[in-house]
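This one's a predicted model, so the numbers in the text were calculated from it and none came from an experiment. In what follows, chains are A, B, ... by sequence order, proteins preceding strands, each numbered from 1.
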Protein chains: 4
Amino acid sequence: MSVPTRSRTRPAPAARGARRRTYLKADARRAQILDVAKDVFVKRGYRVANVADLCRAARIGRGTLYQYFDSKQAVLLAVMEEVCGRVEQVLAARPRIEAMGSPARVSTEEIVRFCEGRLRQLLQAVFVDEATLRLILRDARGLDGSVDRVIARIDAHALAALEHDLAAAQRLGFLRKGDVRLIARFILGGVEKMVLSALQEDAPVDLDLIVKTAVQLELYGLSRKEARR
Amino acid sequence: MSVPTRSRTRPAPAARGARRRTYLKADARRAQILDVAKDVFVKRGYRVANVADLCRAARIGRGTLYQYFDSKQAVLLAVMEEVCGRVEQVLAARPRIEAMGSPARVSTEEIVRFCEGRLRQLLQAVFVDEATLRLILRDARGLDGSVDRVIARIDAHALAALEHDLAAAQRLGFLRKGDVRLIARFILGGVEKMVLSALQEDAPVDLDLIVKTAVQLELYGLSRKEARR
Amino acid sequence: MSVPTRSRTRPAPAARGARRRTYLKADARRAQILDVAKDVFVKRGYRVANVADLCRAARIGRGTLYQYFDSKQAVLLAVMEEVCGRVEQVLAARPRIEAMGSPARVSTEEIVRFCEGRLRQLLQAVFVDEATLRLILRDARGLDGSVDRVIARIDAHALAALEHDLAAAQRLGFLRKGDVRLIARFILGGVEKMVLSALQEDAPVDLDLIVKTAVQLELYGLSRKEARR
Amino acid sequence: MSVPTRSRTRPAPAARGARRRTYLKADARRAQILDVAKDVFVKRGYRVANVADLCRAARIGRGTLYQYFDSKQAVLLAVMEEVCGRVEQVLAARPRIEAMGSPARVSTEEIVRFCEGRLRQLLQAVFVDEATLRLILRDARGLDGSVDRVIARIDAHALAALEHDLAAAQRLGFLRKGDVRLIARFILGGVEKMVLSALQEDAPVDLDLIVKTAVQLELYGLSRKEARR
DNA sequence: AATGAATGAGGCTTCATTCAT
DNA sequence: CATGAATGAAGCCTCATTCAT
């Protein structure tokens, strides 16, 4: 009749590898977890990495993680949101393209250099570091609706910036008319694939070379003959 | 207080249709499973779709699937291998680019049309149908080593073909010199991103327009000034 | 780069106490689980009993249970639904009270005996066995919205039947007028408490005595003086 | 594909109000916690309410609670002990039933009024307020051994008082002979069920009506014919 | 050839309690 | 006195795979 009461007493604190607990202020801990999590997600893959991995890497107990995030997914989401926020900031802070002046006065070299700089800015906003980069381009895709949505938002930001540049350059007479939507996608996709190729071979990502190649192609194409139309 | 409790009891596994068993020859069954599996993987995503989904869709019992494939992963692998094989065939069957003749005799329009045709062939080999396309570009990435390897192989085939074309065209004098590896990646990546954009918006994929845009950019770029170097 | 693939292979089938697996048809298994579950829930209490307990008692693996029920809660729910169904049946099958005849012709003893029989029927429908009884009166209360709702439904059935009897008896002139809603609750509550008291002391539940006491009180009260109103 | 994902990130525990700390004397704090806890336990249910809820409601930190109580359970226990103590007091303070005089001199109305008053006293001791009432009758049952024991003690007090009254009334000749144990249970159970019904429908508990109905039934029953035995 | 019941390792998450500040 | 960050045991559930029929 009487219930066994199994009074949920805590057994001796498991004196195994038992590292002492460390204390951090909430904000600091949150940031630390995010930091560590990015690494773990990249190194082991979001799906393969389990919450235990995250906590071990952050040297915290499993429960601690759940004081800061609702779920494993929420951790990834927070990582991505962070990137997204940074992208928004960087893009908003860029000078307007109209600052460049009129085509008549600008030399080809200046144009090239300007485009390269601008593209590099864009990429650096998105690809803060290689971990983030791998996450965005490779690991975090197709995981789950809400994560995908953040990635889509980042993507949309980048594309919008690119489109805006292209449209302005067309208006100012630097570039030929054309479907800016498609062209923006082509350029961003091209750059992404070059980056991905490097990542896949574990080669260092030479952003300079990639940017140069992209701008060269974007501006002048490959043909030795001038287009007539 | 009240919980939004979902469906209480399971429909008692047996009772979900009690369809009569159907018999098929081994080859036919295997093919049918692959066919159905592609759909299921695309519609629900490889990870979310479970073996039960596959079997239900194929109207077979769980054990039956395991008589034809070693594992769930093996099913996806087989789907991808099929695509890979087709790509290899198509690419091997294409005419050699040298058939085109010398730059002196070929008009700009002919070059454009040739490039467009060739790119379209390449894409159609890879993207047999929209399901395959979604699988390759979106869903099957980063799932697992061996699947990734097949996708990488497909990718490598496409890139190799493109690189080969570019190198030949450079040798023949149609195109400027340049790093064919990077350029091939840029072009393929650009095209893929245009396709992905369409997929993401559930818009029909207008391969013609995409190919046209790609070739135009690839050949002539966007600049209104001729490059001087 | 390559993912470790942890190919989820099943390790040797754990040759511990390893009882051979037993096969049952879906319906039979489902029934067996329900049967065992009722016992376990009663013996250990719904909250204390864990899914492992249920499965151990049913000699099945944990996954098996989840082929038949969505959750631990769903198991309890199914047990209760079963009772609820039986109550509905039994109550529907009872003869209508009007069969009794007119007060003039019926002796006091007959009335008493009739009431006792009728009350016993009602109780036996609800309290099929002691396990069910403990579950309904003690263990399953306040656990969770949906379970509570089923219990409330059972309760409502019993009360409705009782109310209906009372109203009919009033109409026929056997009983004094009065608030049937409240009176029904009083009687059922009184009976339940007598039962609960026995349960709490692990004494056998003497339904006969309980029914006799209840009917005696219900009909004639305790007073030695006749009420004047 | 899209998941109904709930709130992504937790509000970073610290940031949930950053209320200045308040200081209270030990006794006052203890009392305040008990007070708040009763509310929380009733509103959310003992099991669902977690320690965080208690502390938030009491506007204290988690550790603080554990300076006054050993465990969550101890808090509930203290609440119940408080009630139990009050019941003991009230019951001890009631006048002895023998004060009433002999049946010959007491009119039926006086008896009825006396019984009603006495029952109301009993109930009011137990059901101090609606929160307590819900706790005792609904939420705190079957939670755990020691809590159950306190409830059982309260119940026993009430039953003992009732039994004592009944026995005395029988001795004095007001009431028919009968099994006081069972009868006491019947009456208390009946009253409780009427109360519970009201609670369940969130209707106000009309103690007066309930007491009247109970006493009427208890004394005179429902029959229109006088019992012969 | 086909079936579908059975399995159990492994994952995620909760929450009462502890303890450094 | 008070705090709130940290903890980890314990629980529920999923699902790829096996195997008796």
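Atom-to-atom, CD of Gln73(D) to P of dC15(E) comes out at 17 Å; the value is rounded to the nearest Å. Following rounding to the nearest Å, Asn50(A) (CG) and dT13(E) (P) show an atom-to-atom distance of 11 Å. Distance, Gln67(A) CD to dT7(F) P: 10 Å, rounded to whole Å. Rounded to whole Å, atom C1' of dT14(E) lies 14 Å from atom CZ of Arg47(D). Leu54(B) has its CG atom 8 Å from the P atom of dA16(F), to the nearest Å. The distance between atom CD1 of Ile60(C) and atom P of dT18(F), rounded to the nearest whole Å, is 21 Å. The interatomic distance linking Leu24(B) (CG) with dT3(E) (P) rounds to 10 Å, in whole Å. Rounded to an integer number of Å, the gap from CD of Gln32(A) to C1' of dA5(F) is 13 Å.
Both Gly61(B) and Asp70(D) lie near DNA chain E, and the one whose nearest nucleotide falls closer to the 5' end is Gly61(B). Across the interface with DNA chain F, nearest-nucleotide mapping of Gly63(C) and Gly63(A) shows Gly63(A) to be the residue nearer the 5′ end. Along DNA chain E, the nucleotide closest to Leu65(C) and the one closest to Ala49(A) are compared, and the more 5′ of them pairs with Leu65(C).
In this view, Arg30(B) and Leu34(B), Tyr68(B), Phe69(B), Ala78(B) satisfy the side chain to side chain contact (heavy atoms under 4.5 Å, CB included) rule, not counting sequence neighbours. With sequence neighbours excluded, the residues that form a side chain to side chain contact (heavy atoms under 4.5 Å, CB included) with Ala131(A) are Lys38(A), Asp39(A), Val42(A), Asp129(A). Applying the salt bridge (Lys or Arg N to Asp or Glu O under 4.0 Å) criterion to Asp35(C), with sequence neighbours excluded, gives no partner residue. Listed by chain and number, the residues in a side chain to side chain donor-acceptor pair (under 3.5 Å) with Asp53(D) are Arg44(D), Arg56(D) (sequence neighbours excluded).
Of the possible polar contacts, one joining the Gln32(B) side chain to the Ala58(B) backbone as a donor-acceptor pair under 3.5 Å is found.
At least one side-chain nitrogen or oxygen of Tyr66(D) sits closer than 4.0 Å to the OP1 or OP2 atom of dT17(E). OP1 or OP2 of dT7(E) lies within a sub-4.0 Å distance of a side-chain N or O belonging to Thr64(C). Within the structure, a side-chain polar atom (N or O) of Tyr68(B) is placed less than 4.0 Å from OP1 or OP2 of dA2(E). The side chain of Ser71(C) places no N or O atom within less than 4.0 Å of a non-bridging phosphate oxygen (OP1 or OP2) of dC12(F). Distances shorter than 4.0 Å separate none of the side-chain N or O atoms of Tyr23(A) from OP1 or OP2 on dA5(F).
Between the side chain of Arg62(D) and the base of dT17(E) there is at least one donor-acceptor pair of N/O atoms closer than 3.5 Å.
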Assess the residue pair Thr22(D) and Arg29(D) against the criterion (side-chain hydrogen bond (donor to acceptor under 3.5 Å, both in side chains)); give the C-alpha distance rounded to whole Å, side-chain angles, the decisive distance to 0.1 Å, and a yes or no. CA-CA 10 Å; Thr22(D) 59; Arg29(D) 181 62 84 192; 3.1 Å; yes

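Identified under the ring pair (Phe, Tyr, Trp, His ring centres under 6.0 Å) test for residues 42-61 of chain A, with sequence neighbours left out: Phe41(A)-Tyr46(A).
When heavy atoms are screened at a 4.0 angstrom cut-off, Val51(C) is found touching the sugar-phosphate backbone but no base atom.
Closest approach of Arg62(A) and Cys55(A) over heavy atoms only: CA-SG, 3.5 Å.
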Taking only Watson-Crick and G-U wobble pairs with both distances under 3.5 Å, what dot-bracket line describes DNA chain E, where [ ] shows pairs that cross earlier ones and | shows pairs with another strand? .||||||||||||||||||||

